[in-house]
Asks: 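For reference, the structure I am asking about is given below.
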Amino acid sequence: MTERIFNFSAGPAVLPVPVLERAREEMLSLPGVGMSVMEISHRSKPFQAIIDGAEGGLRGLLGIPEGYRVLFLQGGASLQFSMVPMNFLAEGGSADYVITGSWGKKAVKEAKRVGATSVAADMADSGYNRIPAQDELKLDAGAAYVHVTSNETIEGVEWKGEPEVGDVPLVCDASSDICSRPVDVSKYALIYAGAQKNLGPSGVTVVIIREDFLAKGREGLATMLDYRTHAENGSLYNTPNTWGIYILNLVCEWVKEQGGLEGMYQKNVEKAQKIYDAIDATDFYRGHAAPEARSIMNVTFRLPSEELEKKFASEATAAGLDGLKGHRSVGGIRASIYNAFPPAGCDALTQFMKEFERTNG
Ligand SMILES: *Cc1c(COP(=O)(O)O)cnc(C)c1O
């Protein structure tokens with residue numbers, strides 16, 4: 001194998017090596033097909049088997065109950081920021097948004113362009129370093145839905161469970177932690193996720209939607225923006241991202257081999273703990289997230305100065321640890337350690353952290 005570095009990128013992100021190898025093997029010819037997946041019709045039998053496999057993979061991993069549809073859309077999670085309110089925020093209605101970081105802020109910004117919103121909580125005062133407690137949520141029992149972001153990729157804060165929302169439909173942007181841990185899908189009306197963090201390459205967005213919620217969608221939308229179009233056509237109303245769905249299918253198979261979401265979760269907790277332990281071992285590094293809100297996918301921390309942070313990121317890159325620079329909006333260091341990120345990379349980072357402190361502390 002050619003040499004691979006440790007890729008801490010926040011997204012598009014590291015993919016499992018066995019998935020990349022399989023894709024390489026099948027690049028010129030899918031077994032029994034004689035063409036690559038990128039060269040065949042999305043309405044062909046071989047592709048139907050792939051998209052069915054991808055849906056079955058997600059259903060199996062997440063334990064998606066009967067009565068939910070799984071869609072493979074395009075436009076990223078960012079288009080979902082608009083599609084959710086377009087479909088479900090009716091005239092005269094209002095939707096609740098819980099804002100735990102940068103992505104939640106973007107979601108509510110788009111919803112406001114469509115209709116009335118209410119901020120159930122905004123953790124700005126704490127610098128988006130924690131998740132609100134149940135009694136901090138100002139929920140409207142008549143809301144069209146409640147929107148949460150299960151993992152704030154930029155700040156590195158993650159919900160450890162769902163908020164209690166009564167009978168109000170719960171909508172979740174799970175882009176950066178989908179399939180990183182077991183989740184009770186039945187608590188949600190809609191879950192969406194861009195694939196490029198934990199499920200595959202960019203260009204595919206997974207939407208898991210409860211059928212009774214789907215049926216409540218507004219009429220008269222542009223065809224492509226109406227969830228029903230995609231549900232009624234098995235995500236094949238137009239040409240989907242066939243390559244992306246193919247890789248997503250392989251990623252699901254790989255996650256299953258890791259012991260499913262239970263196994264994946266244990267590995268993820270162990271990986272994250274290594275880095276959080278290294279942060280907690282010294283005052284040189286300061287974790288951003290409050291301990292109880294720490295993400296197991298994106299570990300964010302600061303150094304004593306921005307100058308040192310810059311030096312840390314560039315020396316890390318030179319040492320084969322790439323993508324550690326924090327998001328441009330918040331600075332600092334961010335280690336994104338999604339499902340496919342190897343534990344050895346977390347060991348390499350903690351070693352690097354110790355050495356960097358020794359020579360710069
Ligand atoms: C990356 C990310 C997005 C944006 O995804 P796109 O596919 O680029 O639109 C939205 N929400 C969260 C939580 C993310 O991590």
Side-chain angles (χ1 to χ4, degrees), residues 7-15 71-86 97-113 122-123 128-132 145-160 162-163 170-181 183 188 190-208 224-225 230 235 240-241 243-245 247-248 251 268 272 288-289 293-300 323 325-330 332 334-341:
N7 175 9
F8 291 91
S9 170
V14 60
L15 286 165
L71 312 178
F72 298 102
L73 308 185
Q74 300 185 62
S78 299
L79 184 58
Q80 296 307 304
F81 295 164
S82 302
M83 271 179 78
V84 166
M86 282 175 154
Y97 277 75
V98 183
I99 304 174
T100 48
S102 305
W103 290 116
K105 261 197 282 189
K106 284 203 164 171
V108 74
K109 183 172 163 232
E110 292 307 315
K112 280 186 178 144
R113 301 172 77 100
D122 185 337
M123 309 316 281
Y128 296 116
N129 78 345
R130 62 187 193 89
I131 297 295
Y145 58 85
V146 181
H147 182 282
V148 297
T149 310
S150 53
N151 182 64
E152 285 284 358
T153 323
I154 292 173
E155 287 79 6
V157 296
E158 187 173 28
W159 289 79
K160 302 300 167 188
E162 294 79 13
L170 182 60
V171 174
C172 179
D173 175 1
S175 293
S176 53
D177 69 350
I178 191 165
C179 290
S180 68
R181 55 179 179 176
V183 56
Y188 297 87
L190 191 158
I191 297 172
Y192 63 88
Q196 70 271 24
K197 277 113 189 188
N198 240 350
L199 295 176
S202 59
V204 189
T205 310
V206 170
V207 173
I208 300 163
M224 281 293 288
L225 297 176
H230 304 289
S235 304
N241 179 347
W243 168 257
I245 293 166
I247 298 288
L248 187 146
V251 170
N268 287 331
H288 172 73
R294 285 173 163 178
S295 167
I296 58 169
M297 296 278 98
N298 310 97
V299 179
T300 49
K325 194 167 168 280
H327 191 272
R328 58 189 185 283
S329 63
V330 295
R334 169 175 53 173
S336 297
I337 48 171
Y338 300 116
N339 284 353
F341 189 86

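Numbering of ligands and ligand atoms starts at 1, following listing order.
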Asks: So which residues, sorted by chain and number, lie with a heavy atom under 4.0 Å of ligand 1?
Replies: G76, A77, S78, F81, W103, T149, N151, T153, D173, S175, S176, Q196, K197

Asks: With sequence neighbours left out, write down each residue that passes side-chain contact (heavy atoms from CB on, under 4.5 Å) with P201, or none if nothing qualifies.
Replies: W243, I247

Asks: Once side-chain contact (heavy atoms from CB on, under 4.5 Å) is applied, do any residues pair with S235, and if so which ones, sequence neighbours excluded?
Replies: I51, L71, F72

Asks: Return the minimal non-hydrogen interatomic distance between V206 and L199, and the atom names on each side.
Replies: CG2-CD1, 3.9 Å

Asks: Going from CZ on R334 to OG1 on T300, what distance comes out if it is rounded to the nearest 0.5 angstrom?
Replies: 8.5 Å

Asks: Identify, with sequence neighbours excluded, every residue that meets salt bridge (charged side-chain N to carboxylate O under 4.0 Å, His left out) alongside R130.
Replies: E136

Asks: Above 12 or not: heavy atoms from other molecules or residues under 6.0 Å from NZ of K109?
Replies: no

